[in-house]
Amino acid sequence: MPLTNAEDRYGSVTKTFHWLIALLILTLIPLGLIANDMAYDTADQLATKAWLFSLHKTMGITVFFVALARILWALTQNKPANLHPERKLETFAAETVHWLLYASLVIVPLSGWLHHAATSGFAPIWWPIGQDLPLVPKSDAVAGAFGAMHVIATNVLEASVALHILGALKHHFIDRDSTLRRMWFGTTTATTPGGTHNVRRPAITAAVIWALAIAFGAGLGMSGAENDGPAPTALAQVQSDWQVQNGTLSITVNQFGSDVTGSFADWTADITFDETVQNGISGAVEATISIGSLTLGSVTDQAMGPDFFNVEKFPTATYNAEITTTTDRTTANGTLTIKDQSVPLELPFDLAIDGDTATMKATTTLDRRDFNIGDNMNDEGSLKFPVQVQIELTATRAAATN
């Protein structure tokens, strides 16, 4: 069987690309639906869901590169002539669907890949490349846009595949021509003289459809990134001897062997501190954290759920502590309350004071089990017990701001 196309037949390379991509697509679509709808209430369910998503993502990137190879090959080949050039509307529709399919094979896996690269956590790609992409920031807004685009593009792909299959079946069982047979392996050729392909109008039509789909998907993703999930509890500003000007409160968890880092956007700290005290109690801190303001990559929604932070019932966490100073270090000694669990926490930190400005840095490790977080994930293969906490802030003396 010849490798290249001719006017009345497809070559074996084109046929191999066609059926390989068909097999991958017809596997990926139900695989994605099953993985998306699967519950993750237990560690085993979460592990299975993550495995299915990893398989889906890995196969999707495979489709992307196979599709690029197929398109490059198609550019070097003559396309067999139309079997029914007199059926202008049907031919136009078929050509438009072909252009939609070609674009789908690139846009669907690429949008999914970009969504994966813009977020963090959950279901890694198994290829040695692709966890991150150049010029793609870790951003909820970017991830939301590409995620919505992936969904919309998948709908276009599914519709195009359905129309393509229906068209092929019509040609085979109703028209009884060689459309389907000449794409199968063997030496089947067209049984009737064909006509040339009108490329321009179908390509433009497909491009317009895709432009509308991409714009709709991106817009939907940008708006959805701001509106998903319950609104976090807004914290009132506090009046403090030392007023926090800026800072970050972040956590790092390890899920399926990968670190996932997130941060709380809204937290307050009422701080008193006397730097003249050299040995003893030098101040106090009362911190309140809005749990719903946490962003934690692709596992944010899971973290807010009842088995984890249970944000609807426990919207805030608190840390109340005395600050002690010795010649060796400065330490906050107090109690951290998350959900309905209060745990003693000693927090040594680095402190530098320059006039009326203070900078503070601290890191500590918590055990999520102490706060009944993720009790259904008792296997560290799914979610490790330690949670790293990083705190950095800059504060100014209240008198200096008056």
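Starting from 1, each residue takes its place in the sequence as its number.
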How about V277 and T324: do any of their side-chain heavy atoms sit closer than 4.5 Å? no

Indicate yes or no: at least one non-hydrogen side-chain atom of R9 is less than 4.5 angstrom from one of P80. no

Counting N and O atoms only, with roles assigned by atom type, does the side chain of T119 sit under 3.5 Å from a partner on the main chain of S298, one being a donor and the other an acceptor? yes

Check the angle between the aromatic planes of W184 and W19 and answer parallel, tilted or perpendicular using the 30° and 60° thresholds. perpendicular

Check: D379 side chain, S382 main-chain N or O, donor-acceptor pair, under 3.5 Å: no

To the nearest 0.5 Å, tell me how far D270 CG sits from D241 CG. 7.5 Å

Counting only heavy atoms not in W126 (residues, nucleotides, ligands), do more than 12 fall under 6.0 Å from its CH2? yes

K88 and E95 ion-paired at < 4.0 Å: no

Any chance the side chains of D177 and T179 put a donor and an acceptor closer than 3.5 Å? yes

Compare every heavy atom of S282 with every heavy atom of F273, then report the nearest pair and how far apart it is. CE1-OG, 3.1 Å

Do S250 and Q390 pass the side-chain hydrogen bond (donor to acceptor under 3.5 Å, both in side chains) test, and can you show the C-alpha distance, the side-chain angles, and the key distance before you say yes or no? CA-CA 5 Å; S250 59; Q390 301 86 34; 2.9 Å; yes

The test is side-chain hydrogen bond (donor to acceptor under 3.5 Å, both in side chains); show your working for N333 and T331 and say whether it passes. CA-CA 6 Å; N333 292 282; T331 306; 5.1 Å; no

side-chain hydrogen bond (donor to acceptor under 3.5 Å, both in side chains) between D259 and N254, intermediate numbers included: CA-CA 4 Å; D259 285 342; N254 187 283; 2.9 Å; yes

Is there a side-chain contact between I391 and T363, using heavy atoms and a 4.5 Å cut-off? no

Of all heavy-atom pairs between R368 and L383, which one has the smallest distance, and what is that distance? NH2-O, 2.8 Å

Does S54 use its side chain to pair, donor to acceptor, with the backbone of P124 at less than 3.5 Å? yes

To the nearest 0.5 Å, atom CD1 of I61 lies from atom CD1 of I129 at 7.0 Å

Is it true that a side-chain atom of K138 and a backbone atom of T261 form a donor plus acceptor pair closer than 3.5 Å? no

Indicate the atoms forming the closest heavy-atom contact of F185 with T16, along with that distance. CE2-OG1, 3.7 Å

Closest heavy-atom contact between I21 and A67? CD1-CA, 4.0 Å

Is there a side-chain contact (heavy atoms from CB on, under 4.5 Å) between W267 and S293 once you walk through the steps? CA-CA 9 Å; W267 52 276; S293 71; over 6 Å; no

To the closest 0.5 Å, what do you measure between CZ (F216) and CD1 (I152)? 5.0 Å

Does the pair K313/D340 count as a salt bridge with the N-to-O cut at 4.0 Å? no

Just by modelled atom types, is the E275 backbone N or O under 3.5 Å from a matching donor or acceptor in the Q278 side chain? yes

Rounded to the nearest 0.5 Å, what's the gap from CG on D370 to CD1 on I338? Could you check? 9.5 Å

Would you confirm whether K15, through its side chain, and L3, through its main-chain N or O, come within 3.5 Å as a donor-acceptor pair? no

Check whether any side-chain heavy atom of V97 lies under 4.5 Å from a side-chain heavy atom of W99, and answer yes or no. no

Quick one: are L157 and I25 in side-chain contact, heavy atoms under 4.5 Å? yes

N155 CG: over 12 foreign heavy atoms closer than 6.0 Å: yes

How long is the span from the CG atom in N320 to the CG atom in L336, to the nearest 0.5 Å? 9.5 Å

T396 and Q245: which non-hydrogen atoms are nearest, and at how many Å? OG1-NE2, 2.9 Å

May I ask you to decide if Y10's main-chain N or O and T14's side chain share a donor-acceptor pair within less than 3.5 Å? no

Indicate yes or no: does K49 engage D37 in a salt bridge with an N to O separation below 4.0 Å. no

For T268 and V244: C-alpha separation, side-chain torsions, deciding distance, then whether side-chain contact (heavy atoms from CB on, under 4.5 Å) applies. CA-CA 8 Å; T268 62; V244 176; over 6 Å; no

Can you tell me how far CG of L28 sits from CG of L33, rounded to the nearest 0.5 angstrom? 10.5 Å

Q45/M38 under side-chain contact (heavy atoms from CB on, under 4.5 Å): CA gap, chis, key distance, verdict: CA-CA 8 Å; Q45 287 177 334; M38 180 171 290; 5.5 Å; no

H150 side chain to V108 main-chain N or O, any donor-acceptor pair under 3.5 Å? yes

Test salt bridge (charged side-chain N to carboxylate O under 4.0 Å, His left out) applied to D375 and R369, step by step: CA-CA 7 Å; D375 283 344; R369 296 172 297 178; over 6 Å; no

Which atom names give the shortest non-hydrogen contact between S160 and L100, and what distance separates them? OG-CB, 3.4 Å

Under 4.5 Å between any side-chain heavy atoms of H171 and E90, yes or no? yes

Might you work through the side-chain contact (heavy atoms from CB on, under 4.5 Å) test for L366 and V389, ending with a clear yes or no? CA-CA 7 Å; L366 306 177; V389 180; 3.8 Å; yes

Donor-acceptor contact present, side-chain D266 to main-chain L235, <3.5 Å: yes

Close side-chain approach of M360 and D350, heavy atoms under 4.5 Å: no

Residues D175, R87; criterion salt bridge (charged side-chain N to carboxylate O under 4.0 Å, His left out); working and verdict: CA-CA 12 Å; D175 298 337; R87 303 177 185 174; 3.0 Å; yes

Are W73 and V13 packed together at the side-chain level, in the sense that at least one heavy-atom pair is separated by less than 4.5 angstrom? yes

Closer than 3.5 angstrom, by distance alone: can the side chain of S240 be matched with the main-chain N or O of W242 as a donor-acceptor pair? yes

What is the ring orientation for W113 with F64, classed by angle as parallel under 30°, tilted 30 to 60°, or perpendicular over 60°? perpendicular

Around atom CD of E86, are there more than 12 heavy atoms from other residues, nucleotides or ligands closer than 6.0 Å? yes

